[in-house]
Protein chains: 2
Amino acid sequence: MSVTINDVANEAGVSKSTVSKVLNHWTTISPATVEKVHAAIEKLHYTPNSRAVNFAKGATSNIVYLTNLEKDTAYRNPHMFDIMCGVHHTLSENNYSLTLVNTSEEHYPGEKVSEVITSRSSDGLIIHGSAINKEIANLILDAGFPHIIIGHPSFESCLCWVDTNHALAGEYAAAHMIACGYTDVAFIGERKTDYISAQRQKGFMAGMLDRGFHIPAARIGNTDSSWQHTYSVTSDMLTQPVPPRAIVCENNTLALGVIQAVKDRQLSIPDDIAILTFDVYPYSSIIDPQLTIVDINVYDTGVQAGSMMIRKLQNPELLIQSYTTLPVIIQGESTRPLT
Amino acid sequence: MSVTINDVANEAGVSKSTVSKVLNHWTTISPATVEKVHAAIEKLHYTPNSRAVNFAKGATSNIVYLTNLEKDTAYRNPHMFDIMCGVHHTLSENNYSLTLVNTSEEHYPGEKVSEVITSRSSDGLIIHGSAINKEIANLILDAGFPHIIIGHPSFESCLCWVDTNHALAGEYAAAHMIACGYTDVAFIGERKTDYISAQRQKGFMAGMLDRGFHIPAARIGNTDSSWQHTYSVTSDMLTQPVPPRAIVCENNTLALGVIQAVKDRQLSIPDDIAILTFDVYPYSSIIDPQLTIVDINVYDTGVQAGSMMIRKLQNPELLIQSYTTLPVIIQGESTRPLT
DNA sequence: CTGAAAGCGCTTACAG
DNA sequence: CTGAAAGCGCTTACAG
């Protein structure tokens, strides 16, 4: 039917071993032969059958992206797909393909991972943080299967992972506020037990302190993440004898409550109260006023995870546990340099 | 190294042909033999090497999802990923895997499609409407490669596609308005040349007419999609001697302009003016008031596309050109039955 | 109902 | 620098 390596060998007048070596860029082939083989390939429009290549080489040039995929996941968690696009970009540059595997419909934990590992249908596994658990960790570790987890697993292990440094993003927030001239800045976060919120707060406070400004406890508000609670915590802060000059909100949802509390007090943003938040959310664009945001480039996180996977594949012994963060300030109308 | 079909054959005391037949559910094997083979498989924890299976069968059990993937695609076009999740769901139920291929970084149009087709790395191609063009169409058609396009291509062809019936969604909007008791309903859409807007308008008007209500031209507003224009078109409509009782907005972005125009006139939603729009957008949830929406279940569109692909694979001659739409009314606070 | 044998299209030691 | 041969682990006519 379709043209095979034998047809090319015949056309070029060489053996199929030689054609294979040309295809795989062996350096021992004479330039003249390489030339002949290429001419034959062109003439016959030959493309290697990847199924045969995979089988002979014992590898697939395919990586699995393991995550939870349900109706509406795309709306609720667009970040996960942005990460995926970054992963895809790097892998595709390195001639690897990316296959999706869904853990949300498993019959038992680890079902899909065992399938991937035992069926030898891919060379490595990139796992979104939301899909990792101990069962999966053990399967991977026992099999010695190449993997990268996106997001620090919540349990101790010698898994390979990449994660975002949220404290660093908090420092960026502090740096921006100081650069604008705001020195009395409050922080509205989630519960103290929320990992990301706590990290951002820590980084923010450290960043302020490094620049000579200590943030007192009265300037820190912890909420249960609800609109109502955020509104009331913010209102309390604004009615103190000396209200803060600026507020860092730990996320966009909190920002909605904070903005309303500020507006209801007839205060102007940013002239009376400046506001900064983290992460571009799907609805960031219609928040009024347009907020200044410390955004984490999660696409880049995906790109990094892809590179790590390529390195793992070349050097399976490699233990990777790394923080990779690219924070970006997106300047909105809710902060402005004091003149 | 790992356990092969030969090991299983030895363990079970049969030939590897027999093991293969059991694996492939041939009906000619005696129950006793099937039993023995299964026992051996269990004992050895055997899983077929999918690379070998693919090669021997001349198929991959893999489908490619072709689309544009860039940084921020996930935020700008979450619908595309929701469709993808639907496709993945169906394929995975049928033991097919889904591999992502990106057309946005091609060196020349059709590059990725040729690769997919000639490398025989997948059994079929599902193409998101945004990625289809004539080059790709010709490659697919010439190769006779199994494919489903999601979205009616803009050019004439005998490609297989599935698409959404937007006129039907328009009819749903009309039905909902009438059910609430609103009979004098305006429609605010995009330019007349916008396909989706025109279809929705057509369906809406037909739906109203079917129920005995003719919508006059003065109740139709076409905009250039900008906030400003939408605001002014709406304002004009509201200042007519008899303003409409309800407004159907062709999308959420238009709805933002419409809502502002209504509010600025001190009119109450839905008591003075009821509002309905189409599609759940990422920021639908924070629009105030929460809008009543005719949503298209695009996950279901993906599910349907997946089924179509499975049918195509079983019957390659099948020509599929079908509208598959599952509109859903999401009741918000912007419409309410008149009592 | 079962098995021996050929074949799927490559890669890779190995010999020359 | 090149080629003959074995091998990768299955499937599938075909014969019995």
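These numbers come from a predicted model, not from an experiment. Values reported hereafter were calculated over all heavy atoms of this structure, with side chains retained and with hydrogens, waters and symmetry mates removed. In what follows, chains carry the letters A, B, and so on, assigned in the order in which the sequence lines appear, proteins first and then strands, with residues in each chain numbered from 1.
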I want to confirm an ordering. Mapping Ala52(B) and Ile29(B) to their closest nucleotides on DNA chain C, which one lands closer to the 5' end? Ile29(B)
Residue whose nearest DNA chain C nucleotide is more 5′ - Ala56(B) or Leu23(A): Ala56(B)
So how far is it from Lys16(B) NZ to Lys21(B) NZ, rounded to the nearest 0.5 Å? 12.5 Å
Rounded distance [0.5 Å steps], CD in Glu115(A) versus CD in Glu106(A): 8.5 Å
Is it the case that the ring center of Tyr65(A) lies less than 6.0 angstrom away from the ring center of His88(A)? no
Which is true for Asn24(A) with a 4.0 Å heavy-atom rule: it touches a base, it touches only sugar-phosphate, or it touches nothing? sugar-phosphate
Give Ser30(B) one of three labels, base, sugar-phosphate or nothing, depending on what nucleic acid heavy atoms sit under 4.0 Å from its own. sugar-phosphate
So the contacted stretch of DNA chain C, first to last nucleotide with an atom under 4.0 Å from a non-hydrogen atom of chain A, runs from dG9(C) to dA13(C)
Intra- and inter-strand pairing of DNA chain D, written as dot-bracket with Watson-Crick and G-U pairs under 3.5 Å and | for the latter, reads |||.||||||||.|||
Start with the C-alpha gap between His152(A) and Tyr195(A), add the side-chain angles, then the distance that decides, and say whether ring-ring contact (aromatic ring centres under 6.0 Å, His included) holds. CA-CA 11 Å; His152(A) 188 154; Tyr195(A) 176 76; 7.3 Å; no
Using the ring of each side chain (for Trp, its six-membered ring), is Phe81(A) parallel, tilted or perpendicular to Phe81(B), with breaks at 30° and 60°? tilted
What's the shortest heavy-atom distance between Ile136(A) and Val113(A), and which atoms? CG2-CG2, 3.6 Å
For Leu100(B) and Met84(B), work out which heavy atoms get closest and say how close. CD1-SD, 3.7 Å
So do the side chains of Ile148(B) and Ile320(B) get within less than 4.5 Å of each other, counting heavy atoms only? yes
Assuming nearest nucleotide by heavy-atom distance, tell me which of Thr28(A) and Lys16(A) is located more 5' along DNA chain D. Thr28(A)
